[in-house]
Amino acid sequence: METVTPRPLPSAAVTSSPPSFAHLLLLTATSVPHLKQLHAHLLRSALDLSLTAPFLSKLLSLSLSSPSSSSSSSSSLDYALSVFLHSPDHLHPHPRLANRVLRAALRAAEPRRALRAYARFRRAGLVPDRFTLPAVLRAAARTGDDAAREAHGLAARLGLDSDPFVQTALVGAHAALGRVADARGVFDRMPQRDLVAWGVMLDGYCQSGRYSEALLLFVEMRSSGIVPDQVILATVLSACGRAKNLMFGKSLHCYILQSDPSIDTHLQSALITVYSNCGSMEIAQKLFDGMCPKNLVASTAMVFGYAKLGQIEIARSIFDQMPNKDLVSWSAMISGYAESDRPSEALKLFNMMQESGLKPDEITMLSVVSACANLGALDQAKWIHIYVNKNGFRTVLSVGNALIDMFSKCGSLAHAQKIFNEMPRRNVITWTSMITGLAMHGDGRSALALFDRMKVEGVEPNSVTFTGLLYACSHAGLVEEGRLVFRSMAQEHNIEPKYEHFGCMVDLLGRARLLEEALQLIESMPLRPNVVVWGSLLGACRVHGEVEIGELAAKRLLELDPRHDGAYVLLSNLYAKAGRWDDVREVRKQMKSRGVLKEKGCSWMELNGKVHEFLMGDVSHPRNDEIYLKLNEVVEELGKMGYSPNVGSALVDLEEEEKRGAVLMHSEKLALSFGLINSARGSVIRIAKNLRVCEDCHSFMKSASKIYEREIVLRDRSRFHRFKDGACSCGEFW
DNA sequence: ATAGGGTTAG
């Protein structure tokens, strides 16, 4: 049971005795090492003063005054705290001393240490005061420790729960631990709320990603007549940018100009962020141009904004012009490349960042891992994994999640599963990533089994989980299971199916040749059918050579997006399959007249840590001659088994013979030839490709795997194909 | 109590 009676304070007794020479000596110390030296000296004369108030006091002021950037300050703090932590139980620390330690630990970004020290203090009989609790709560908020609940109760027992400082800290702690409703409850019961309290509540919404609610709170604040300061405005602007609420941003901009045209740099940067997050780069650029000197934060926001719009070259040039770059600016540029499908550049930049002497944090790592996932290069992935473990990111949940995805996308389910199994904690993203990984590899049964386990463990699936599950059913041809999953979404989990779910269902039904049913689903869905669902239907029609429904799907698709290259390609393949060559030419003509270009096929593979790229018909590789020689050989060998190129996959108006040539030059065939030349017999050949593999390449790979006795793992845009002994793991469901 | 970078799906 908690005691609230203050205990006698022996340390105060020490202070009140006349200072000894030893004490005076201590006070001459000029640095922590110096103090340690004096301390050791006094110990030798049997005077242990380390537990006296003056010593601790001096120790603290020295620790706190050393420059915060140097590593010595953290080790000084370490020393200071260890003295506290090893002091005997009967010390009964004075809250003032405890508060200084807690504040020091917080300032040194050592919340865990603060909590340990606090626990130690409590055991020694500390009775916290109105300054202790906020510090503890802030530490707990940062570590995710549930000391907050305990502190809440303690505050009530000590009668401190009506103190505005304590209340504000409670709001912050609840919010940081994801209990926004509890935070709001405390906030609403506060009899008076200063700007800090409003700020903490606003920040609380932002921390849990509820940006629109933050904006609502700001509106409430304004209507209760409170005038925001620059800190509040900066927070709200940030929320506004993240909520991508351009209108709100503009009105905030007006408000700021009206109320106080002297905008400080924080606000300027925050305004730029609003516009760049909303994709309004013209306005962002104008504000940025008016900024002198350009600050780091604003420049980073510009880099981010352009990168998000795909204008990666402009982003890069701003990045290159920045005189100083910190971790956040590097990360923004790296994630820009990662998100714009330029994984090699992302990894290159990561190396440059390290050369410049910066160590990544976990957020940088997420972009790096995700870039490697997109690249699909297994050796790189293994290297990144080692790097993650070496640099202390192994136990970070989000990084573990990204690793699962990375190994799945690099073709090694085994690695992904190992990481999954060894994760100390798992959240919905962990499970979803693993389910999606299994789906990509065509293992639908395991994906469903994992989903059952997930439910048993009480993790609530979200809409992404269902995308993965439906995708798993679709790629494994599990029609009934897919229907059940689809139905359970709304019925059991309260998740309304979105476009991607309908897309998966259309895919699932379509691949099972239930094309009529797929069409009915599209026509009866509560959302307006979009490019995704018509595209799925068209794809299925191509697989089954179903011209009539396919034409309809293509027509609808092209109404929605006349420049959709995939639609023309699929339609043309479909006509080719049916032998309707006039229609093939017609599609081609239409495409030409509308200036639509087919995305160029590109494959790549890793050799000795280097990624080699092949475009369709590529002749630029330094070992071009060898590659084509090998390709000819493979074609000849396969020909003996009855292979002949399937020209339906060619989308060019060429003569028959030229079509054959074009199909034979598909990028994955070039990559395969390169792989056969350069890798040892019996080793796995891994190829990644930007588009979906064509029918001809698919059968080509199957035969090649048999003749050359090689396992070939091909990642295409939608899934993995593992060719072995003349068969593919996809079982033709693709 | 203040501004900039983040994992699954698309």
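Note on naming: letters A, B, ... go to the chains in the order of the sequence lines (proteins, then strands), and numbering restarts at 1 for each one. Heavy atoms only: backbone and side chains are in, while hydrogens, waters and symmetry mates are out.
- Using a 4.0 Å heavy-atom cutoff across all strands shown, A:S299 reaches no nucleic acid atom at all.
- Taking 3.5 Å as the limit, the base of B:dG5 and the side chain of A:T364 contain a donor-acceptor pair of atoms between them.
- A donor-acceptor pair under 3.5 Å links the side-chain atoms of A:S276 to the main chain of A:A301, judged by distance alone.
- For B:dG4, one of the phosphate oxygens OP1 or OP2 lies less than 4.0 angstrom from a side-chain nitrogen or oxygen of A:S238.
- Checking B:dG6, B:dG10, B:dG4 against every side-chain atom of A:T273, the shortest atom distance belongs to B:dG4.
- None of A:Q285, A:K250, A:H253 except one satisfies the side-chain hydrogen bond (donor to acceptor under 3.5 Å, both in side chains) rule with A:Y275; the exception is A:H253.
- Ring geometry for A:F420 against A:W431 counts as perpendicular: the plane angle is over 60°, on a 0 to 90° scale with 30° as the lower cut.
- Atoms CZ (A:F466) and P (B:dG10) sit 15 Å apart, rounded to a whole Å.
- Contact check on A:E220 versus A:R184 returns a salt bridge, with a Lys/Arg side-chain nitrogen under 4.0 Å from an Asp/Glu carboxylate oxygen.
- Of the candidate nucleotides B:dT7, B:dT2, B:dG4, B:dT2 has the atom nearest to the side chain of A:T235.
- The side chain of A:H266 lies closest to B:dA3 when the candidates are B:dA1, B:dA3, B:dG4.
- Rounded to whole Å, atom P of B:dA9 lies 18 Å from atom CH2 of A:W431.
- Straight-line distance from the CD1 atom of A:I334 to the C1' atom of B:dT7: 15 Å, rounded to whole Å.
- Of the listed nucleotides (B:dA9, B:dT2, B:dG5), B:dA9 has the atom at the smallest distance from the side chain of A:D405.
- Using a 4.0 Å cut-off, some side-chain N or O of A:K308 falls inside it from OP1 or OP2 of B:dG6.
- A:R717 places a side-chain N or O within donor-acceptor distance of the main-chain N or O of A:N690, the cut-off being under 3.5 Å.
- Among B:dT7, B:dG4, B:dA1, the nucleotide with an atom closest to any side-chain atom of A:R138 is B:dA1.
- Side-chain atoms of A:T467 and base atoms of B:dA9 include no donor and acceptor less than 3.5 Å apart.
- No donor-acceptor contact under 3.5 Å links the side chain of A:N295 to the base of B:dG4.
- Within the nucleic acid shown, A:R717 has no heavy atom closer than 4.0 Å to any nucleic acid atom.
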Report task. Using the ring-ring contact (aromatic ring centres under 6.0 Å, His included) rule, take A:F502 and A:F486 through it: C-alpha gap first, then chi angles, then the decisive distance, then the call. Result -> CA-CA 9 Å; A:F502 282 104; A:F486 188 69; 5.5 Å; yes

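- Considering only the side chain of A:T436, B:dA9 comes nearest among B:dA9, B:dT7, B:dG10.
- Across B:dA1, B:dT2, B:dT8, the shortest atom-to-atom separation from the side chain of A:V464 is found for B:dT8.
- Across all strands shown, A:S269 has heavy atoms under 4.0 Å from base atoms, whether or not it also approaches the sugar-phosphate.
- The nearest whole Å value for the distance from the CG atom in A:N401 to the P atom in B:dG6 is 16 Å.
- Using a 4.0 Å heavy-atom criterion, one finds that A:L327 contacts the bases of the nucleic acid, with or without backbone contacts as well.
- Between the A:R130 side chain and the A:F165 main chain, no donor and acceptor come within less than 3.5 Å of each other.
- Closest contact between the side chain of A:L296 and the listed nucleotides B:dT7, B:dG4, B:dA1 involves B:dG4.
- Across all strands, A:D361 comes closer than 4.0 Å to base atoms (heavy-atom distances).
- Taking atom CZ of residue A:F393 and atom C1' of nucleotide B:dG5, one finds them 14 Å apart after rounding to whole Å.
- The distance from atom CH2 of A:W198 to atom C1' of B:dT2 is 18 Å, rounded to the nearest whole Å.
- At whole-Å resolution of the value, CZ in A:F304 and C1' in B:dA3 are 14 Å apart.
- Spacing between atom CD1 of A:I232 and atom P of B:dA3 amounts to 11 Å, rounded to whole angstrom units.
- Checking B:dA1, B:dT8, B:dG5 against every side-chain atom of A:I429, the shortest atom distance belongs to B:dT8.
- Residue A:R242 places no side-chain N or O under 4.0 Å from the OP1 or OP2 atom of B:dG6.
- If you check B:dG4, B:dA1, B:dG6 against the side chain of A:L195, the one that comes closest is B:dA1.
- For the pair A:K409 and B:dA9, the criterion of a side-chain N or O lying under 4.0 Å from OP1 or OP2 is met.
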